[in-house]
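Just so we're clear, the structure is a prediction, and the values are computed from it rather than from any experiment.
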Amino acid sequence: MFEQEKIKPYGEKGEKEELVEQMFDNIAPTYDKLNHRLSWDIDRGWRKKAIKQLIPYRPASILDIATGTGDFAILAAQILHPAGLTGVDISEGMMEIGKEKVKRAGLDHIINFQKEDCLHMSFPDNTFEAVTAAFGIRNFQDLHKGLKEMHRVLKTGGHLSIVELTTPVSFPMKQLFKIYSHTFLPAYGRLISKDRSAYNYLTATIEAFPQGETIVEVLRNIGFAKASFKRLTFGICTMYFAEK
């Protein structure tokens, strides 16, 4: 069991998955504003880099895991031009916002959303040519099982592209990020979202989440033929790429 799997929103007893769903439903109306402001809009560049990893392979069918309000799905559709893209999440509140954004972008003929438990997805084996995930896998109740499901629904020869928030490993960014994530981030998140616990939870999961070589080893043990990672912006974010 990985450390971040033990961390639950609101410090309550119960299944982590249900509490995470409740948390994201609560913060959905302010999530986009906070996400971009708290990262100083750098998150847009991180998403673009993760999507560009897939350009040489031109996937026609894409699954976006923990799609949230659809930012990653929309950008992937605009850059990769797949025939179809399915965004899945446990939070209906987040996806309702995503659906409106997709309509405004004129991509509702390509992107569809559906509620899924990412640890037990309803899709058959070998369904998608690419699977993506941005800033969501650290919320899994069982990280190994979630990554294994992503491997299961991916076609042989298909690719996995993940971008996730992590903690910097080198001085002085490690120290500066800790100060930022324990002071400004939760305070501003609480002010805008009105949720006193959500952004404390998000900070705690970033710090506890395994990264780099550890995730690559998990991906290889699951069955990915190739797996690699790259730290972005001094290690505040880490990008992973794997082939089935």
Side-chain angles (χ1 to χ4, degrees), residues 35-36 39 41-89 95 98 101-102 105-114 116 118 121 123-140 143 146-166 211-213 215-220 222-233 235-244:
N35 207 29
H36 299 317
S39 72
D41 262 353
I42 301 172
D43 64 297
R44 299 179 194 271
W46 294 335
R47 287 186 178 91
K48 190 171 287 188
K49 283 180 182 292
I51 291 165
K52 284 184 174 180
Q53 294 185 117
L54 293 167
I55 289 176
Y57 308 102
R58 302 175 66 183
S61 56
I62 301 174
L63 174 67
D64 188 37
I65 298 285
T67 195
T69 62
D71 275 357
F72 203 52
I74 291 169
L75 194 59
Q78 291 170 336
I79 293 174
L80 299 172
H81 308 291
L85 191 156
T86 301
V88 298
D89 205 288
M95 288 190 291
K101 288 161 65 175
V102 165
L107 293 168
D108 45 334
H109 62 295
I110 295 175
I111 300 172
N112 70 90
F113 293 93
Q114 63 187 69
E116 289 279 348
C118 292
M121 290 188 284
F123 307 108
D125 295 357
N126 308 302
T127 299
F128 300 95
E129 293 180 11
V131 175
T132 61
F135 317 123
I137 65 170
R138 72 180 189 282
N139 297 310
F140 284 171
L143 177 61
L147 292 173
K148 195 170 183 179
E149 268 292 270
M150 293 158 83
H151 179 271
R152 181 185 68 78
V153 301
L154 192 61
K155 291 182 178 180
T156 301
H159 294 86
L160 172 69
S161 183
I162 296 173
V163 63
E164 185 56 83
L165 293 171
T166 46
Q211 57 176 298
E213 294 87 350
I215 294 297
V216 166
E217 184 179 358
V218 172
L219 292 172
R220 287 174 176 161
I222 285 169
F224 283 97
K226 301 175 184 176
S228 61
F229 76 95
K230 182 178 182 180
R231 290 190 173 92
L232 306 175
T233 317
I236 294 172
C237 179
T238 302
M239 186 167 64
Y240 301 92
F241 195 64
E243 179 182 316
K244 181 173 177 179

Measuring from M150:CE to F140:CZ, what's the distance to the nearest 0.5 Å? 5.5 Å
Look only at the side chain of R152 and the backbone of F123, and say whether a donor-acceptor pair between them is shorter than 3.5 Å. yes
Hey, are the side chains of I215 and L143 touching, using non-hydrogen atoms and a 4.5 Å cut-off? yes
Closest non-hydrogen atom pair, F224 against L160: CZ-CD2, 3.7 Å
What are the two closest heavy atoms between V216 and A227, and how far apart are they? CG1-O, 3.7 Å
Can you name the nearest heavy-atom pair linking L54 to P59, along with the distance? O-CD, 3.6 Å
Salt bridge (Lys or Arg N to Asp or Glu O under 4.0 Å) partners of R138, counting only residues at least two apart: E164
Can you name the nearest heavy-atom pair linking A76 to I51, along with the distance? N-CD1, 3.4 Å
So does G68 get a backbone contact from the side chain of D89, meaning a donor-acceptor N/O pair under 3.5 Å? yes
Contacts satisfying salt bridge (Lys or Arg N to Asp or Glu O under 4.0 Å) that involve residues 48-58 (not counting sequence neighbours) are none
Would you be so kind as to tabulate the donor-acceptor pairs closer than 3.5 Å made by side chains of residues 81-88, with sequence neighbours excluded?
unit_1, atom_1, unit_2, atom_2, d
H81, NE2, Q78, O, 3.2
T86, OG1, N112, ND2, 3.3

Excluding sequence neighbours, so at least two apart, what forms side-chain hydrogen bond (donor to acceptor under 3.5 Å, both in side chains) with N139? Y201
Flag, side chain of S161 to backbone of A50, donor-acceptor distance under 3.5 Å: yes
Can you tell me how far CD1 of I42 sits from OG1 of T233, rounded to the nearest 0.5 angstrom? 5.0 Å
Under 4.5 Å between any side-chain heavy atoms of L63 and T127, yes or no? no
Which atom pair, heavy atoms only, marks the closest approach of I236 to W46? CG2-CH2, 3.7 Å
Residue pair A134 / F72: nearest heavy atoms and the distance that separates them: CB-CG, 3.7 Å
In a table with atom names and distances, give each donor-acceptor pair under 3.5 Å that connects a side chain of residues 237-244 to protein atoms at least two apart or in another chain.
unit_1, atom_1, unit_2, atom_2, d
T238, OG1, T166, OG1, 2.8
Y240, OH, G212, N, 2.9
E243, OE1, H159, NE2, 3.2
K244, NZ, N126, OD1, 3.0
K244, NZ, H151, O, 2.9
K244, NZ, L154, O, 2.6

What distance separates Q53 CD from T132 OG1, expressed to the nearest 0.5 Å? 11.0 Å
If you look only at pairs with a residue in residues 60-86, which of them pass as a salt bridge (Lys or Arg N to Asp or Glu O under 4.0 Å), with sequence neighbours excluded? D71-K101
Quick one, I62 with F128, criterion side chain to side chain contact (heavy atoms under 4.5 Å, CB included). Give me CA distance, side-chain angles, the key distance, then yes/no. CA-CA 6 Å; I62 301 174; F128 300 95; 5.8 Å; no
Between E116 and M121, is there a donor-acceptor pair closer than 3.5 Å when you use the side chain of the first and the backbone of the second? no
